[in-house]
Protein chains: 2
Amino acid sequence: MSPTSSSDVLIRKLQTISDIREAEIRVLKNIPIQEKDFLVNHDLVREGDQPVYSFVVLEGLIGSTKYTGEGKRQITSFFVAGDIPDLHGLHLSVMDCNFSTLTPARVGFIRHDALRSICDQHPRIAAAFWRSTLIDAAIYREWVTNVGRREAYTRMAHILCELICRMRSVGRIEDHVADIPITQAALGDALGLSTVHVNRMLQELRREGLIATTGSRVHARDWAGLTRAGDFDTTYLHQKNPAD
Amino acid sequence: MSPTSSSDVLIRKLQTISDIREAEIRVLKNIPIQEKDFLVNHDLVREGDQPVYSFVVLEGLIGSTKYTGEGKRQITSFFVAGDIPDLHGLHLSVMDCNFSTLTPARVGFIRHDALRSICDQHPRIAAAFWRSTLIDAAIYREWVTNVGRREAYTRMAHILCELICRMRSVGRIEDHVADIPITQAALGDALGLSTVHVNRMLQELRREGLIATTGSRVHARDWAGLTRAGDFDTTYLHQKNPAD
DNA sequence: CGACTAGTTGAACGGAATCAATAGAGGTGG
DNA sequence: CCACCTCTATTGATTCCGTTCAACTAGTCG
């Protein structure tokens, strides 16, 4: 495999959240991963599925989504490069949510039985995976709070902060310029807002000089100001070395 | 220990979500658990803490809570008898949320090192614990959806359905009559609503004949109707044997 | 009995949704 | 190359769900 293979993306991510050693890295490098590309708005996994694979995000943005009986969509979390969004499928046989591409994306599929045998033989890797799912849960908790108790403007700033932080921690961002080709409709579904209101909140963030957007590029012009506006604190991301 | 000791509550719960055998049950029965009673609105764990214990709920209702910079509280999930709300503390050293009693409660503290050595020696128990944290995450996901995309009336019905389902699965409810001495303010903090509006939604549910309340007792008079009104589907609870 | 907490009610306000229309960007095919 | 189509972003006007403010009631406890 090449120096920046799909397993390297996974390993880099695990290193940002846990202490894994040479021995484990060697094991991880040998996991069979089947890469595949997808267009935007493609369901990788659907509610009710009983998959035998989990997947690692290699490129692009994935969302876990749920639909209400009325057909409204809620994105319950984002997943960036290195994340394994449906790792919980390893222990929960029936999926309770969908996983969809929010941008064009490349992902790598890993068989559950491969993951299980690695977990059995390498407790430190198992612990790292467990930890990874616990961080996902911490992020869900923050999202409940964000959607439930923050107003639209703060909510929007908060989610941008999270995205930028997470992408930066896996080396997908230089400074605070993120290339996130996500639609305003998707942002709305993540924030529990209408697209119209998403648009207005972004305008307000621009007007305040906190962000600049050129096409799909989001630039945090005033990171300190943006975190303040977003009531953002990195604790819940549980990164080993928060970038700032 | 007596027949219905604190470890029995834990074991019963684990049996509703995973297949554990006699061997594991024997191990679990011998975990040292330190019981303690608390009044309502008591913080058992605070954001920023680095606890060396986790706790199992024995009696009463616990909430994981977060506060926004503006001081608004959001309850991000409920925890009922048998649940271990802060099990994630085992792998995430710094707490990113609080755990507070929403009713008077009895909980049992278990040392992290005791849990770790059990997980090391009994992979099936480790898997059950991991699974338990994954179900917590599934519930968080549902809450994001509930708060983000359902309107107040549906939201309220949904949360009542969840509470009743979860309490029933651990034998805390006869039929559909739940003794939940939870305040309307707490319900508001869980739903992202004001107490005033909580009150009105409860009235509407009563008017529709879906529930009846006598003091702290909530009676689901029309379970089918309530689940319909709440857009409720038990899948996300991942119970082995859903009661209906 | 007074003080506190929880629940209830009414009126007015406001944040965000909805509806509707327009503009722009990218892609496709004749 | 341009006409056409679709998707996304933008803007304005109106509506409405839920908040806020402010009483008031009822139960509980010291």
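All chains are named by letter (A, B, ...) in the order of the sequence lines, taking the proteins before the strands, and each is independently numbered beginning at 1.
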Separation of [X] atom [atom1] from [N] atom [atom2], in whole Å?
X      : N      : atom1 : atom2 : value
A/R207 : D/dT10 : CZ    : P     : 12 Å
A/H197 : D/dG12 : NE2   : P     : 15 Å
A/R150 : D/dT19 : CZ    : P     : 17 Å
B/R149 : C/dA16 : CZ    : P     : 13 Å
B/E70  : C/dG15 : CD    : P     : 12 Å
A/E151 : D/dT19 : CD    : P     : 13 Å
A/L187 : D/dT10 : CG    : P     : 12 Å
A/M201 : C/dA17 : CE    : C1'   : 12 Å

What protein N or O atoms touch nucleotides 3-10 of chain C N or O atoms at under 3.5 angstrom, if any, and at what distances?
| residue | atom | partner | partner atom | Å |
| --- | --- | --- | --- | --- |
| C/dG7 | OP2 | B/Q184 | N | 2.9 |
| C/dT8 | OP2 | B/Q184 | NE2 | 2.7 |
| C/dT8 | OP2 | B/N199 | ND2 | 2.6 |
| C/dT8 | O5' | B/N199 | ND2 | 3.2 |
| C/dT9 | OP2 | B/Q203 | OE1 | 2.8 |
| C/dT9 | OP2 | B/Q203 | NE2 | 2.9 |
| C/dG10 | N7 | B/R200 | NH2 | 2.5 |

task = Could you work out which one of C/dA17, D/dT19, D/dG18 sits closest to the side chain of A/L193?
result =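 For the A/L193 side chain, the nearest candidate turns out to be C/dA17.
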Student check: side-chain heavy atoms of [X] and [Y] closer than 4.5 Å:
X      : Y      : value
A/V80  : A/L163 : yes
A/F78  : A/I139 : no
A/V40  : A/P104 : yes
B/I211 : B/L202 : yes
B/T101 : B/I62  : yes

>> Five pairs per end, C1' atoms only: what is the angle between the end axes of the helix from C/dC1-D/dG30 to C/dG30-D/dC1, to 10 degrees?
In response: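 The end-segment axes of the helix from C/dC1-D/dG30 to C/dG30-D/dC1 are tilted 40° relative to each other.
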**Study point:** Sugar-phosphate only, base, or nothing, as touched by B/G188 at under 4.0 Å among non-hydrogen atoms
**Key:**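 Nothing: the residue B/G188, judged by heavy atoms under 4.0 Å, touches no strand.
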Checklist entry - Which residues satisfy the ring-ring contact (aromatic ring centres under 6.0 Å, His included) test with A/Y153, sequence neighbours excluded? => result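 Partners of A/Y153 under the ring-ring contact (aromatic ring centres under 6.0 Å, His included) test: none.
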**Residue pairs, two or more places apart or on separate chains, that pass salt bridge (charged side-chain N to carboxylate O under 4.0 Å, His left out) and touch residues 215-226 of chain A** =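 Only A/D179-A/R217 qualify under salt bridge (charged side-chain N to carboxylate O under 4.0 Å, His left out).
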*asked:* Per the salt bridge (charged side-chain N to carboxylate O under 4.0 Å, His left out) rule, what does the pair list look like for residues 133-161 of chain A, sequence neighbours excluded?
replied: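 Listed by first then second residue: A/R141-B/D96, A/E142-A/R150, A/E142-B/K66, A/R149-B/D189, A/R150-A/D231.
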Polar atoms only, N or O, under 3.5 Å: list the protein pairs with nucleotides 28-30 of chain D and their distances.
none

Please lay out, stage by stage, how A/F109 and A/S6 fare under the test side-chain contact (heavy atoms from CB on, under 4.5 Å). CA-CA 10 Å; A/F109 290 95; A/S6 49; over 6 Å; no
Would you check if there is a donor-acceptor pair between the side chains of B/T76 and B/S64 at a distance under 3.5 Å?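 There is such a pair between these side chains.
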**side-chain contact (heavy atoms from CB on, under 4.5 Å) between B/E162 and B/N146, intermediate numbers included** = CA-CA 11 Å; B/E162 183 190 302; B/N146 202 35; over 6 Å; no
